[in-house]
Amino acid sequence: MTEEKLRVDTQKTEITMWSEKKITDFRSHFLSWYDLEKRTLPWRENNDPYRIWVSEIMLQQTRVDTVIPYYLNFMKLFPTTADLAAAEEDTLLKVWEGLGYYSRVRNLQKAAIQIMNEFSGEMPTNPEDIATLKGIGPYTTGAISSMAFQLPVPAVDGNVMRVVSRLFEISEDIAKPASRKTFEAIMNQIIDPYKPGDFNQAMMDLGSSTCTPTTPTCNLCPINEFCQAFEAGTMTQYPVKSKKKKAKPVYYAGLLIQNERGEFLIEKRPAEGLLANMWTFPLLPEELLTVGTGLKIGKLNDKLPETIETQVLNNLSVESRQRYQIEPIWLKKPFGEVVHLFSHLKWFITSYYGKMSSEMLTEAPENCLWVHPSDFENYTFPGPQQKMWKSYLTKFEK
DNA sequence: AAAACGGGGCT
DNA sequence: AGCCCAGTTTT
């Protein structure tokens, strides 16, 4: 049989595809290895599309070890699509707290409602319909199609691009969205048509166990005899990935304001954008500080002058003071700085503590609430706010 | 095509 | 400090 060629539509990359015999051989080796070595994971207990779906959403950009406890808790609270569709958003957010990418859980519920309304409560069984569900893109469509319904649809994620780029020495930049097409084309050729779900999962297990990003353990790899990069000794040159831009710094003054009942002021973030609908201690962005007197929140370094108390307050704009009813007398000098890195932003929060006097115990501003620390567990706080609170406890309650 | 969108672990 | 991870949606 002649060697088939697969031409990939890039400038320099031409991939020599394997013969049918080699492909069959490869699948056989690979799936035997998977049968033997596959990890036992909660979402591998059966082929329930709902269980697979939830796990795949949680696993987006998130490690297996991180996901497991969240997954078990989630399945206990929402065992079916109907339970998920009927849940309160605040409850869902709290269950997701700490996992990140919170739009995932909002979209998960939107899709659950879609399934209840448009698909009689059952996950649709063909890729085209699956792909119409909120939060389900090309990767997850492939994962659900192959694992739950044994359809030969590739599920191309970071693992697959890494493994395939080494198998065939593909030099396409995996950071570019367009590259996914190349890897899908290759996966379409090598995926096992009889066990596509196992094949896709074998790629993932391989990517996390031996074909790792920096130091792959090729001598332990079950398919090293098929690997071009291994043969050529070029494993560490793949995958090719362009650098990401670094996170942009953003500065805030964070306010821990306590009333005489011991409650703290917290604020609900807007329904759109970063950390949507989550609760934070009030954050004053740079724009709400008056610049020009030489002081800027966040650019304050650790060598703060003792007179910072009045200086900071003089620098709060009228708008900020009115919004949070802050008067100079309440705020002490900053007690700490929190640094929190997101994928695209770096927050610097200079934290202040202030106490309110009884005559100032007025209603909380719009979207704000007075909440006692013993009740914090009922609100969803993102990472930076957890850090602020921890820093406060360390400083004042030790 | 690029940016927005979290958080934690590893080197 | 930088890179990585079982990505999708919006711009």
Side-chain angles (χ1 to χ4, degrees), chain A residues 38-39 41-44 51-71 93 96-108 110-111 130-144 146-147 154-163 173-181 183-184 187 197 199-209 211-216 236 239-250 269-270 272-278 280 339-347 380-387:
Chain A
K38 66 179 171 191
R39 292 173 289 179
L41 297 168
W43 45 89
R44 286 181 176 173
R51 292 176 60 88
I52 292 170
W53 168 39
V54 171
S55 75
E56 289 301 333
I57 300 299
M58 282 192 177
L59 285 161
Q60 288 170 8
Q61 302 292 288
T62 312
R63 284 161 203 287
V64 168
D65 291 343
T66 308
V67 165
I68 289 174
Y70 282 93
Y71 181 79
L93 218 46
W96 210 266
E97 182 182 58
L99 261 188
Y101 283 125
Y102 297 94
S103 65
R104 286 185 295 175
V105 72
R106 276 184 270 266
N107 287 336
L108 194 63
K110 284 180 192 162
I130 293 172
T132 66
L133 298 172
K134 208 68 179 160
I136 296 186
Y139 164 78
T140 309
T141 298
I144 295 175
S146 64
M147 296 176 205
V156 174
D157 65 348
N159 277 319
V160 168
M161 290 195 283
R162 185 171 61 255
V163 172
D173 183 355
I174 67 166
K176 300 253 186 270
S179 301
R180 204 194 69 242
K181 295 284 182 193
F183 293 95
E184 280 176 350
M187 281 295 287
F199 190 91
N200 281 336
Q201 292 181 86
M203 294 292 285
M204 298 166 196
D205 276 15
L206 188 73
S208 73
S209 59
C211 200
T212 52
T214 54
T215 53
T236 53
V240 174
K241 187 171 188 177
S242 54
K243 309 274 182 240
K244 276 190 288 193
K245 282 181 12 183
K246 77 173 182 184
K248 189 179 104 182
V250 183
R269 293 177 63 84
E272 303 286 327
L274 183 64
L275 305 174
N277 281 340
M278 299 181 81
T280 57
V339 180
H340 186 85
L341 191 63
F342 298 93
S343 44
H344 56 309
L345 298 175
K346 190 172 186 178
W347 278 12
T380 308
F381 291 101
Q385 303 293 310
Q386 309 261 9
K387 289 179 186 173

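Letters A, B, ... mirror the listed sequences (proteins, then strands); counts begin at 1. Atoms considered below: every heavy atom in the structure, side chains included; atoms not considered: hydrogens, waters and symmetry mates.
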Between W96(A) and Y70(A), does the ring centre distance come in under 6.0 Å?
no

Tell me the interatomic distance from [X], atom [atom1], to [N], atom [atom2], rounded to whole angstroms.
X       : N      : atom1 : atom2 : value
Y70(A)  : dG6(B) : OH    : P     : 14 Å
F342(A) : dA3(B) : CZ    : P     : 19 Å
L93(A)  : dG7(B) : CG    : C1'   : 15 Å

Suppose you measure atom [atom1] in [N] against the same atom in [M]; what distance do you get, rounded to whole Å?
N      : M      : atom1 : answer
dA1(B) : dC5(C) : C1'   : 22 Å
dC3(C) : dA3(B) : P     : 16 Å
dT8(C) : dG8(B) : P     : 22 Å
dC4(C) : dG6(B) : C1'   : 14 Å

Not counting sequence neighbours, which residues clear side chain to side chain donor-acceptor pair (under 3.5 Å) with E56(A)? List them please.
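Expected list: Y139(A).
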
Please enumerate all residues that pass side chain to side chain donor-acceptor pair (under 3.5 Å) together with R162(A), with sequence neighbours excluded.
N159(A)

Looking at residues at least two apart in the chain, or sitting in another chain, which of them share a salt bridge (Lys or Arg N to Asp or Glu O under 4.0 Å) with R180(A)?
E184(A)

Every protein N/O within reach of nucleotides 8-11 of chain B N/O, cut-off under 3.5 Å:
unit_1 : atom_1 : unit_2 : atom_2 : d
dG8(B) : N2     : R63(A) : NE     : 3.4
dG8(B) : N2     : R63(A) : NH2    : 3.1

Closest-nucleotide 5' rank along DNA chain C - winner of K134(A) and L59(A)
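Closest to the 5' end, via its nearest nucleotide, is L59(A).
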
DNA chain C: G135(A) or W43(A), which has the more 5' nearest nucleotide?
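Looking at the nearest nucleotide for each, W43(A) comes out on the 5' side.
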
Heavy atoms only: give me the nearest I57(A)-R104(A) pair and the separation to one decimal.
O-NH1, 3.0 Å

pair K346(A)-V339(A): side-chain heavy atoms closer than 4.5 Å
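In contact.
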
Any side-chain donor near an acceptor of the partner, T140(A) and Q60(A), under 3.5 Å:
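Yes - a donor-acceptor pair under 3.5 Å links their side chains.
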
Can you find a side-chain donor-acceptor pair between R269(A) and T380(A) that sits under 3.5 Å?
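Side-chain D/A pair, R269(A) to T380(A): absent.
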
Dot-bracket for DNA chain C, 5' to 3', with Watson-Crick and G-U pairs under 3.5 Å, [ ] for crossing pairs and | for other-strand pairs: what is it?
|||||.|||||

Using chain A heavy atoms and a threshold of under 4.0 Å, write down where along DNA chain C the contacts begin and end, 5' to 3'.
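Listing 5' to 3', DNA chain C meets chain A from dC3(C) to dT10(C).
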
Distance below 4.0 Å between H344(A) side-chain N/O and dA4(B) OP1 or OP2:
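Answer no for this pair, as no side-chain N or O of H344(A) is under 4.0 Å from OP1 or OP2.
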
Under the side chain to side chain contact (heavy atoms under 4.5 Å, CB included) rule, what do R63(A) and S208(A) come out as? Steps first, then yes or no, please.
CA-CA 10 Å; R63(A) 284 161 203 287; S208(A) 73; over 6 Å; no

